[in-house]
Amino acid sequence: MRLSASRLAFAAGLSLFAALSVGAAEEAEGSAKLPADAPAEYRTNYLVAAGSVSPDGKLAVIYPTLDYTDKHPAKDFVVALRPFRVLTEIKTRWPYFQNQSNGGISVEWVADGSAALVTLESKWGPGDIFLYEFRAGELTRSTELSAKMSALLRPDFQGAKAERYNENFDFVFEADDEGADGGTVAKFDQAGGVEVRCVGNTNPKGIPGLRAWKARLVGVWNIAQARFTQQKVTRISAGKSRGE
């Protein structure tokens with residue numbers, strides 16, 4: 001029986017990911033060792049993020065080990081695996097590293113491997129969300145999607161005159177409880193875009209007495225046009241919090 005090209009690519013991706021783990025136990029997080037031909041500085045100090053290998057097995061996301069980050073600044077990278085090379089550093093102020101508290105890194109690929117959503121998790125939900133686009137194994141465009149989402153929510157936040165979440169962030173992103181898919185903030189849709197559904201919140205702990213704000217963002221990022229073609233912000237609440 002002949003397999004289709006898509007099934008062969010998928011099988012190759014599975015085979016490569018399995019090969020990455022051969023000879024070493026997988027980390028508790030489900031990550032894996034880098035391939036043997038990777039330079040020693042990466043092979044020794046970085047891990048392939050669980051679920052981050054592209055459908056064709058050629059691309060992945062890597063993050064540093066805990067031992068490495070004890071002595072060096074943490075950095076995350078999008079890389080090619082065959083042969084190994086770094087395509088881009090993930091430009092975040094809060095990179096993920098092994099066993100990071102209240103953190104995580106997740107990757108979603110489109111079926112043909114032409115785009116990936118990389119999400120750096122935080123305590124309350126997603127932190128930074130990046131959209132990477134590829135052609136022939138090369139990175140063609142990167143978009144900090146979370147910054148675009150923040151830009152849509154910020155006018156309503158500013159109009160509410162609420163207190164900031166902290167000195168680093170105006171507000172945090174939370175999953176929308178009214179979403180139909182169990183709380184996914186950003187995901188690929190079937191029409192060549194990224195569906196976004198989240199809640200911006202300045203007071204996720206529900207601390208009473210704060211000038212708090214909460215609003216919902218629903219939108220679609222068109223990958224080809226590199227912009228939101230649909231967006232709607234709806235304020236949920238604003239004013240002094242009574243607590244939860």
Side-chain angles (χ1 to χ4, degrees), residues 61 76 78 88 90-94 104-135 139-206 210-239 241:
V61 173
D76 302 325
V78 179
T88 186
I90 298 176
K91 302 292 187 180
T92 175
R93 291 185 296 167
W94 317 105
I105 189 166
S106 61
V107 183
E108 180 191 2
W109 288 90
V110 294
D112 64 2
S114 63
L117 280 171
V118 178
T119 301
L120 295 160
E121 307 291 348
S122 66
K123 182 175 182 179
W124 300 108
D128 291 332
I129 304 173
F130 295 89
L131 171 65
Y132 294 106
E133 299 170 55
F134 306 91
R135 183 179 297 113
L139 179 67
T140 57
R141 181 161 58 191
S142 62
T143 303
E144 187 179 350
L145 192 60
S146 50
K148 307 295 185 181
M149 295 159 58
S150 293
L152 294 180
L153 283 163
R154 188 162 288 112
D156 194 73
F157 159 75
Q158 293 173 336
K161 302 187 184 303
E163 299 177 51
R164 302 180 69 199
Y165 170 66
N166 62 21
E167 66 275 10
N168 294 310
F169 302 101
D170 290 338
F171 46 84
V172 298
F173 293 122
E174 294 180 315
D176 184 4
D177 291 338
E178 294 188 5
D181 59 356
T184 301
V185 169
K187 64 178 183 178
F188 290 114
D189 62 20
Q190 300 298 314
V194 179
E195 180 183 344
V196 171
R197 187 180 186 101
C198 68
V199 170
N201 191 354
T202 62
N203 187 19
K205 294 182 180 179
L210 297 182
R211 296 193 315 276
W213 165 88
K214 186 185 292 187
R216 175 177 294 108
L217 168 63
V218 178
V220 174
W221 179 268
N222 185 293
I223 297 176
Q225 298 180 32
R227 66 184 181 93
F228 276 106
T229 51
Q230 299 178 39
Q231 67 269 344
K232 182 179 180 180
V233 174
T234 305
R235 183 178 296 186
I236 299 172
S237 62
S241 174

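Note that this is a predicted model, so its numbers are computed, not measured.
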Please round to the nearest 0.5 Å and tell me the distance separating atom [atom1] of [X] and atom [atom2] of [Y].
| X | Y | atom1 | atom2 | value |
| --- | --- | --- | --- | --- |
| Leu217 | Leu152 | CG | CG | 5.5 Å |
| Ile236 | Arg216 | CD1 | CZ | 4.0 Å |
| Asp76 | Ile90 | CG | CD1 | 5.0 Å |
| Ile223 | Thr229 | CD1 | OG1 | 10.5 Å |
| Arg197 | Asp176 | CZ | CG | 4.5 Å |
| Ile129 | Glu144 | CD1 | CD | 10.0 Å |

Shortest non-hydrogen contact from [X] to [Y]?
| X | Y | value |
| --- | --- | --- |
| Arg141 | Ala226 | NH1-CB, 3.6 Å |
| Cys198 | Phe173 | SG-CD2, 3.8 Å |
| Glu133 | Leu139 | O-CD1, 3.3 Å |
| Gln225 | Asn222 | N-OD1, 2.8 Å |
| Val194 | Ala186 | CG1-CB, 4.1 Å |
| Val185 | Ala175 | CG2-CA, 3.9 Å |

(request) Go through the structure and list residues passing ring-ring contact (aromatic ring centres under 6.0 Å, His included) with Trp213, not counting sequence neighbours. (result) Phe157, Phe171

Between [X] (side chain only) and [Y] (backbone N and O only), is there a donor and an acceptor less than 3.5 Å apart?
| X | Y | value |
| --- | --- | --- |
| Thr119 | Ser106 | no |
| Thr92 | Trp94 | yes |
| Arg235 | Asp156 | yes |
| Ser146 | Asp128 | no |

(message) Checking Glu163 now: which residues fulfil salt bridge (Lys or Arg N to Asp or Glu O under 4.0 Å) with it, not counting sequence neighbours?
(response) Arg211

(request) Please list, chain by chain and in numerical order, all residues satisfying salt bridge (Lys or Arg N to Asp or Glu O under 4.0 Å) with Glu121, sequence neighbours excluded. (result) none

(request) Could you please spell out the steps behind the side chain to side chain contact (heavy atoms under 4.5 Å, CB included) verdict for Leu120 and Phe130? (result) CA-CA 9 Å; Leu120 295 160; Phe130 295 89; 4.0 Å; yes

(request) Evaluate the side chain to side chain contact (heavy atoms under 4.5 Å, CB included) criterion for residues Asp112 and Phe134: first the C-alpha distance (whole Å), next the side-chain angles of each, then the deciding distance (0.1 Å), finally the verdict. (result) CA-CA 10 Å; Asp112 64 2; Phe134 306 91; over 6 Å; no

(message) As a quick check of understanding, evaluate side chain to side chain contact (heavy atoms under 4.5 Å, CB included) for Asp170 and Thr202, giving each step before the final call.
(response) CA-CA 7 Å; Asp170 290 338; Thr202 62; over 6 Å; no

(message) Tell me if the CZ atom of Arg93 is crowded by more than 12 foreign heavy atoms within 6.0 Å.
(response) yes

(request) For the residue pair Trp221 and Phe228, categorise the inter-ring angle as parallel (less than 30°), tilted (30 to 60°) or perpendicular (more than 60°). (result) perpendicular

(message) Could you go through Val196 and Lys148, starting from their C-alpha distance and side-chain angles, then the distance that decides it, and tell me whether this counts as side chain to side chain contact (heavy atoms under 4.5 Å, CB included)?
(response) CA-CA 11 Å; Val196 171; Lys148 307 295 185 181; over 6 Å; no

